[in-house]
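Heads up: the structure comes next, in structure tokens.
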Amino acid sequence: MSGTDEPRALTTPPQDAVAPVRHPDAPAPGELLGAHYDRCFGCGTGQPHGLHLAARAGDGVSVRAEFTVKEAHQGAPGLAHGGVLATALDETLGSLNWLLRVIAVTGRLETDYVRPVPLGTVLHLDARITAVHGRKIYSTAVGRIGSPDGPVAVCAQAVFIEVKVDHFIDNGRTEEIRAAMTDPDQVRRARAFEVNP
């Protein structure tokens with residue numbers, strides 16, 4: 001498919017898509033969303049080499065997030081691995097679903113790498129939902145180096161698919177599912193299943 005726009009068309013909302021509506025119980029703008037699951041590589045604090053990405057609710061249906069590129073995140077010497085940058089975008093985009101109060105998983109993620117991201121850099125990510133069409137949630141994100149107004153390093157377009165909690169129960173490893181389902185903290189129990197597994 002080299003030289004065609006076909007893949008991009010898959011992340012463009014159809015003409016009859018609707019504008020996203022922030023759920024009335026969504027976290028307030030500026031509120032730290034916290035980890036949806038402690039063992040999540042993207043946002044969890046229980047992963048020593050994870051991204052430890054911290055996302056905050058923004059206005060409307062947007063979030064802002066940050067993560068620092070550490071030694072464990074390298075690809076080429078001194079630079080972030082492209083897969084780690086895609087993971088940071090995916091995690092940020094996935095956190096948007098908390099603003100709609102739906103459980104959704106990544107259906108498609110298209111990442112554009114604009115410039116290298118050096119080790120030690122704080123990557124500032126902005127994401128927003130652009131449209132909803134049935135179970136599909138269309139969103140976009142940009143990652144900037146060093147500050148919210150810094151140079152663009154990465155950007156992405158994505159489609160998330162709304163699912164039921166059974167998606168995780170039927171496909172996850174029994175021990176982790178059982179531990180998450182029996183957590184006495186109702187908020188942590190609900191949030192464990194909110195984004196991409």
Side-chain angles (χ1 to χ4, degrees), residues 8-38 40-45 51-67 85-112 122-144 147-150 152 154-168 180 183 185-197:
R8 182 71 63 199
L10 297 174
T11 56
T12 301
Q15 297 256 342
D16 60 341
V18 297
V21 177
R22 184 187 187 103
H23 193 280
D25 295 330
E31 187 176 328
L32 184 64
L33 299 180
H36 74 93
Y37 177 55
D38 188 50
C40 174
F41 181 79
C43 65
T45 57
L51 304 185
H52 302 161
L53 187 131
R56 291 187 181 278
D59 293 327
V61 283
S62 69
V63 297
R64 288 186 168 227
E66 293 182 8
F67 96 97
L85 296 175
T87 301
L89 287 162
D90 185 51
E91 185 68 32
T92 304
L93 290 158
S95 67
L96 287 165
N97 299 312
W98 188 239
L99 302 178
L100 299 181
R101 298 298 293 262
V102 299
I103 300 170
V105 296
T106 310
R108 184 172 191 87
L109 175 68
E110 294 176 5
T111 304
D112 294 312
V122 176
L123 193 66
H124 296 261
L125 299 127
D126 269 318
R128 66 182 174 87
I129 298 173
T130 58
V132 176
H133 187 258
R135 293 176 44 226
K136 293 182 179 180
I137 301 164
Y138 294 83
S139 53
T140 184
V142 157
R144 296 176 179 271
S147 77
D149 299 319
V152 173
V154 291
C155 43
Q157 292 190 37
V159 179
F160 279 74
I161 311 297
E162 187 176 347
V163 297
K164 302 294 182 200
V165 75
D166 292 350
H167 167 86
F168 300 95
D183 189 325
D185 185 316
Q186 289 182 344
V187 172
R188 275 198 319 249
R189 186 170 57 235
R191 289 203 64 201
F193 302 102
E194 80 181 22
V195 296
N196 191 27

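Note: hydrogens, waters and symmetry copies are ignored here, and every other heavy atom, side chains too, is used. From a predicted model like this one, the values you see are computed outputs, not experimental measurements.
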Quiz item: Is there a donor-acceptor contact under 3.5 Å from the side chain of Arg128 to the main chain of Val61?
Solution: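 Judged by distance alone, no pair lies under 3.5 Å.
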Quiz item: Does the Thr140 side chain pair with the main chain of Ala156, one donor and one acceptor, at a distance under 3.5 Å?
Solution: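 Yes, Thr140 side chain to Ala156 backbone: donor-acceptor pair under 3.5 Å.
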Looking at [atom1] of [X] and [atom2] of [Y], how far apart are the two atoms once the value is rounded to the nearest 0.5 Å?
X      : Y      : atom1 : atom2 : result
Gln157 : Asp112 : CD    : CG    : 7.5 Å
Leu33  : Leu99  : CG    : CG    : 6.5 Å
Leu109 : Asp90  : CG    : CG    : 5.5 Å
Leu123 : Leu89  : CG    : CG    : 7.5 Å
Arg108 : Ile161 : CZ    : CD1   : 11.0 Å
Ile129 : Asn97  : CD1   : CG    : 5.5 Å

Exercise. With the side chain counted from C-beta on, respond yes when Asp149 and Arg144 share a heavy-atom pair under 4.5 Å apart, and no when they do not.
Key: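 No, their side chains stay 4.5 Å or more apart.
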Exercise. Please examine the side chains of Thr130 and Pro20, heavy atoms only from C-beta on, and report whether any two atoms are closer than 4.5 Å.
Key: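 Side-chain contact under 4.5 Å: no.
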If I compare all heavy atoms of [X] with all of [Y], which pair ends up nearest, and what's the gap?
X      : Y      : value
Asp25  : Arg101 : O-NH1, 2.9 Å
Val122 : Glu66  : CG1-OE1, 4.0 Å
Ser147 : His124 : N-CD2, 3.2 Å
Ser139 : Leu93  : OG-CD2, 3.4 Å
Phe67  : Ala88  : CE2-CB, 3.4 Å
Val142 : Cys155 : CG2-CB, 4.0 Å

Quiz item: For Arg64, does the CZ atom have more than 12 heavy-atom neighbours from other residues, nucleotides or ligands under 6.0 Å away?
Solution: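 Check fails, neighbour count at 12 or below.
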Quiz item: Taking Ile137 as the fixed residue, which of Val159, Leu96, Leu100 is the one that meets the side chain to side chain contact (heavy atoms under 4.5 Å, CB included) rule?
Solution: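 When Val159, Leu96, Leu100 are each tested with Ile137, the side chain to side chain contact (heavy atoms under 4.5 Å, CB included) holds only for Leu100.
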